[in-house]
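Down below is the structure, laid out as structure tokens.
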Amino acid sequence: MDLATEILLYVSSAVIIHILVFYFVMVTKKKGRNIKDKHVVVTGGSSGIGLWIAVTCAKQGAHVTLVARNVQLLEKALKVVEQHRQDASQRLSFKSIDLTKSYDEVAKSLEEVEEQNGPIYMLVNCAGMAICGVFEEITPEDAQFLMDVNYKTAYNCTRYVLPKMKHARDGIIVITGSQASLLGIYGYGPYAAAKFALRGMAETIAMEASHLGVSVTLALPADTDTPGFENEEKTKPEETKIISGSGGLHKPEEVAKKIVSDALNENFFSILGAESWVVTLLCSGMAPWGGFLFTVLQAFALIPLRIISYFVRGQFTSIVRKCAAQKKLRQEVKEKKSN
Ligand SMILES: NC(=O)c1ccc[n+]([C@@H]2O[C@H](COP(=O)([O-])OP(=O)(O)OC[C@H]3O[C@@H](n4cnc5c(N)ncnc54)[C@H](OP(=O)(O)O)[C@@H]3O)[C@@H](O)[C@H]2O)c1
């Protein structure tokens with residue numbers, strides 16, 4: 001084959017591949033959902049990621065209800081959301097609810113929210129927080145609190161909206177997990193347990209409800225610059241900071257925009273950044289993530305990534321050993337000084 005024929009073959013196959021990819025993208029592209037004039041409830045909407053999700057939804061013309069406990073914070077947050085209203089007819093409000101209370105109490109409060117702003121079309125479960133520490137250092141009370149504030153809050157709200165959405169054959173549920181929903185990380189024991197529980201819940205309701213028009217998105221934010229993150233840093237062991245801090249700190253407005261966009265495009269996982277993509281891929285199991293072509297691409301990417309993960313895990317283990325050796329040394333110096 002001469003050079004000219006080779007070039008012609010190369011160019012024509014490149015053109016054919018591009019046409020096929022373009023055709024595939026156009027045919028399979030889902031028309032995103034629209035929340036204009038729809039009622040969105042954001043739990044944890046008074047702060048951090050939840051507040052920015054509320055702002056993003058208000059910008060898209062939705063009626064938004066912020067839910068959290070502290071009324072002063074809710075009032076302040078509502079003023080921020082108000083600045084982004086698109087339309088005078090938009091109903092923007094808040095409701096103070098402790099979502100860790102019994103299901104009946106939470107359901108009654110959500111009924112009142114619906115009486116005021118209409119049926120909930122999109123529920124964003126964002127209330128939650130982390131307390132870090134080595135497993136046995138976190139008190140049983142704090143471990144129970146973490147399960148309540150992360151899992152029970154989302155369970156209560158989802159349990160309330162899901163049958164109504166199934167009946168209406170329409171609706172969106174967002175559940176905010178974390179990278180700790182995917183893998184156990186040093187210092188995140190009881191928090192990871194609660195976030196793993198949310199992943200189980202999200203995968204289950206996605207299977208039970210997607211054929212009835214209800215889409216489910218599991219958001220898996222990495223470290224994000226919020227008041228909650230600032231608080232989490234206070235209890236974070238050195239090992240956790242080194243292991244989880246390598247990915248940098250995201251802006252809450254970017255994370256929020258991505259979560260809303262993924263929810264409206266009916267993507268099961270919502271992730272931001274290459275590192276999160278790799279971790280999610282490694283831990284995705286049988287989760288409903290992408291179509292057939294994307295699954296085939298994932299399968300090819302998984303082979304080298306699984307091998308790389310062996311070495312990354314080894315690096316984590318060596319960080320833990322190094323920190324333990326340094327702690328031992330510091331302890332010995334302290335004891336010597338006190339003798
Ligand atoms: N920031 C990060 O780096 C990061 C990373 C991964 C995952 N996440 C997850 O993302 C979500 C939001 O995190 P964030 O950092 O934005 O948190 P944040 O700034 O601390 O905000 C937490 C929100 O939850 C509300 N809340 C807490 N307990 C509640 C309860 N019992 N009932 C109702 N509302 C309650 C808080 O308001 P009140 O206290 O007034 O109730 C507040 O509005 C959490 O689920 C968190 O685990 C965050």
Side-chain angles (χ1 to χ4, degrees), residues 41-56 65-78 80-81 94-103 105-106 109-110 113 123-132 144-157 174-183 185 188 190-199 201-202 217-236 240-241 244-245 247-256 258-259 269-273 275-276 279-280:
V41 167
V42 187
T43 79
S46 66
S47 171
I49 300 172
L51 170 57
W52 285 100
I53 288 177
V55 165
T56 310
T65 307
L66 312 175
V67 173
R69 292 164 306 173
N70 186 315
V71 174
Q72 277 172 342
L73 269 182
L74 280 164
E75 281 169 348
K76 233 170 114 183
L78 186 61
V80 176
V81 178
F94 69 77
K95 176 93 176 162
S96 170
I97 315 174
D98 180 351
L99 297 169
T100 63
K101 290 269 167 77
S102 74
Y103 171 73
E105 283 168 281
V106 172
S109 300
L110 290 175
V113 164
L123 166 70
V124 183
N125 292 293
C126 204
M129 69 168 289
I131 299 171
C132 300
Q144 182 60 53
F145 167 74
L146 283 171
M147 193 51 100
D148 288 348
V149 77
N150 288 294
Y151 174 73
K152 195 177 173 193
T153 53
Y155 167 81
N156 277 340
C157 297
V174 177
I175 292 168
T176 309
S178 149
Q179 295 284 293
S181 299
L182 299 172
L183 78 161
I185 302 166
Y188 275 126
Y191 176 70
K195 293 296 189 184
F196 262 68
L198 287 175
R199 177 183 176 179
M201 183 172 101
T217 293
L218 177 65
L220 303 171
D223 286 352
T224 308
D225 192 6
T226 64
F229 179 78
E230 217 179 295
N231 201 35
E232 177 184 326
E233 283 289 279
K234 293 178 192 157
T235 54
K236 212 177 250 179
T240 317
K241 282 185 183 165
S244 69
L249 202 56
H250 292 288
K251 288 188 182 148
E253 50 270 44
E254 280 171 8
V255 174
K258 185 70 171 49
I259 292 174
F269 285 126
S270 179
I271 45 177
L272 185 65
E275 201 181 79
S276 296
V279 174
T280 308

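Worth knowing before you read on, the calculation uses all heavy atoms, side chains too, and leaves out hydrogens, waters and symmetry mates. For ligands, and for the atoms within them, numbers begin at 1 and follow the listed sequence.
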(request) Pick whichever of Trp52, Tyr191, Phe229 has a heavy atom sitting closest to atom 8 (N) of ligand 1. (result) Tyr191
(request) Tell me, please: is Cys126 in heavy-atom contact with ligand 1, that is, under 4.0 Å? (result) yes
(message) With heavy-atom distances below 4.5 Å as the criterion, would you say the side chains of Pro221 and Ile49 are in contact?
(response) yes
(message) As an exercise, identify every atom of ligand 1 less than 4.0 angstrom from a heavy atom of Asp223.
(response) 3 (O)
(request) Would you kindly specify which portion of Thr224 sits under 4.0 Å from ligand 1, judged on non-hydrogen atoms: side chain, backbone, both or neither? (result) both
(request) Looking only at protein heavy atoms, identify the closest one to atom 7 (C) of ligand 1 and say how far it is in Å. (result) Gly177 O, 3.3 Å
(message) Check this for me - ligand 1, Gly228, N or O atoms closer than 3.5 angstrom, yes or no?
(response) yes
(request) Only heavy atoms count here, so choose which of Ala219, Gly128, Ser244, Gly48 is nearest to atom 22 (C) of ligand 1. (result) Gly128
(request) Specify the protein heavy atom at minimum distance from atom 10 (O) of ligand 1: its residue, its atom name, and the distance to 0.1 Å. (result) Thr176 CG2, 3.4 Å
(request) Looking only at non-hydrogen atoms, find the nearest pair between Leu78 and Phe94 and report the distance. (result) CD2-CD2, 3.8 Å
(request) Report yes if some N/O of Val149 lies less than 3.5 Å from some N/O of ligand 1; otherwise report no. (result) no
(request) Find the distance between CD (Glu253) and CG (Asp225) and round it off to the nearest 0.5 Å. (result) 8.5 Å
(message) What protein heavy atom lies closest to atom 40 (O) of ligand 1? Include the residue and the distance to one decimal.
(response) Asn70 N, 2.9 Å
(request) Could you name the option among Ala222, Ala194, Ser178 that has the heavy atom nearest to atom 4 (C) of ligand 1? (result) Ala222
(message) Can you confirm, on distance only, whether ligand 1 has an N/O atom lying under 3.5 Å from any N/O atom belonging to Thr226?
(response) yes
(message) Applying salt bridge (charged side-chain N to carboxylate O under 4.0 Å, His left out), can you list everything that pairs with Glu233, at least two apart in sequence or on another chain?
(response) Lys236
(request) Return yes if some donor-acceptor pair links the side-chain N/O of Lys152 with the main-chain N/O of Phe145 below 3.5 Å, else return no. (result) no
(message) A side-chain contact here means heavy atoms from C-beta on lying under 4.5 Å apart; do Leu51 and Val81 qualify?
(response) yes
(message) When you measure from the heavy atoms of His250 to every atom of ligand 1, does any distance fall below 4.0 Å?
(response) no
(request) Quick one: look at Thr43 and ligand 1, take heavy-atom pairs under 4.0 Å, and tell me if it's side chain, backbone, both or neither. (result) neither
(message) I want to know if ligand 1 touches Thr153 in the polar sense, i.e. an N/O pair below 3.5 angstrom.
(response) no
(request) Look at atom 32 (N) of ligand 1 and say which protein heavy atom is nearest, naming residue and atom and giving the distance to 0.1 Å. (result) Leu99 N, 3.1 Å
(message) Is Ala77 close enough to touch ligand 1? Criterion: a residue heavy atom under 4.0 Å from a ligand atom.
(response) no
(request) Please examine the side chains of Lys76 and Ser46, heavy atoms only from C-beta on, and report whether any two atoms are closer than 4.5 Å. (result) no
(message) Any side-chain to backbone donor/acceptor pair from Thr176 onto Asn125? Under 3.5 Å, distance only.
(response) yes
(request) Kindly compute the distance separating CG (Asn156) from CG (Asp98), expressed to the nearest 0.5 Å. (result) 9.5 Å
(message) Are Leu123 and Thr43 packed together at the side-chain level, in the sense that at least one heavy-atom pair is separated by less than 4.5 angstrom?
(response) yes
(request) Measure the spacing between OG of Ser109 and NZ of Lys95 and express it to the nearest 0.5 Å. (result) 5.5 Å
(message) Can you report which non-hydrogen protein atom sits closest to atom 42 (C) of ligand 1, along with the distance?
(response) Ser46 OG, 3.7 Å
(message) Checking a contact table here: which protein heavy atom is nearest atom 27 (C) of ligand 1, and how many Å away?
(response) Arg69 NH2, 3.6 Å
(message) When you measure from the side chain of Asn150 to the backbone of Met129, do you find a donor-acceptor pair of N or O atoms at a distance under 3.5 Å?
(response) yes
(request) Heavy-atom distances under 4.0 Å are what count here, so tell me which part of Ala180 touches ligand 1: side chain, backbone, both or neither. (result) neither
(message) So does Lys251 get a backbone contact from the side chain of Thr224, meaning a donor-acceptor N/O pair under 3.5 Å?
(response) no
(message) I need the atoms of ligand 1 closer than 4.0 Å to a non-hydrogen atom of Asn150, numbered in the order shown.
(response) 47 (O)
(message) When you compare the side chains of Glu232 and Tyr188, does any donor N or O come within less than 3.5 Å of an acceptor on the partner?
(response) yes
(message) Just to confirm my output: which protein heavy-atom neighbour is closest to atom 23 (C) of ligand 1, and how far is it?
(response) Gly44 CA, 3.5 Å
(request) Examine distances only and state if a side-chain atom of Ser96 and a backbone atom of Arg69 form a donor-acceptor pair shorter than 3.5 Å. (result) yes
(request) Starting from atom 35 (C) of ligand 1, locate the nearest protein heavy atom and write down its residue, its atom name and how far away it is, to 0.1 Å. (result) Ala127 CB, 3.7 Å
(request) Examine the proximity of ligand 1 to Ile49 and report which part, side chain or backbone, both or neither, has a heavy atom under 4.0 Å away. (result) both
(message) With rounding to the nearest 0.5 angstrom, report the SG to CG distance, Cys132 to Leu146.
(response) 9.0 Å
(request) Taking only heavy atoms of Thr100 into account, list the atoms of ligand 1 that are under 4.0 Å away from them. (result) 31 (N)
(request) Say whether Glu232, considering both its backbone and side-chain N or O atoms, lies within less than 3.5 Å of an N or O atom on ligand 1. (result) no
(request) Give the single entry among Leu74, Val67, Ile97 that approaches atom 33 (C) of ligand 1 most closely by any heavy atom. (result) Ile97
(request) Decide whether the shortest distance between a heavy atom of Pro252 and an atom of ligand 1 is less than 4.0 Å. (result) no
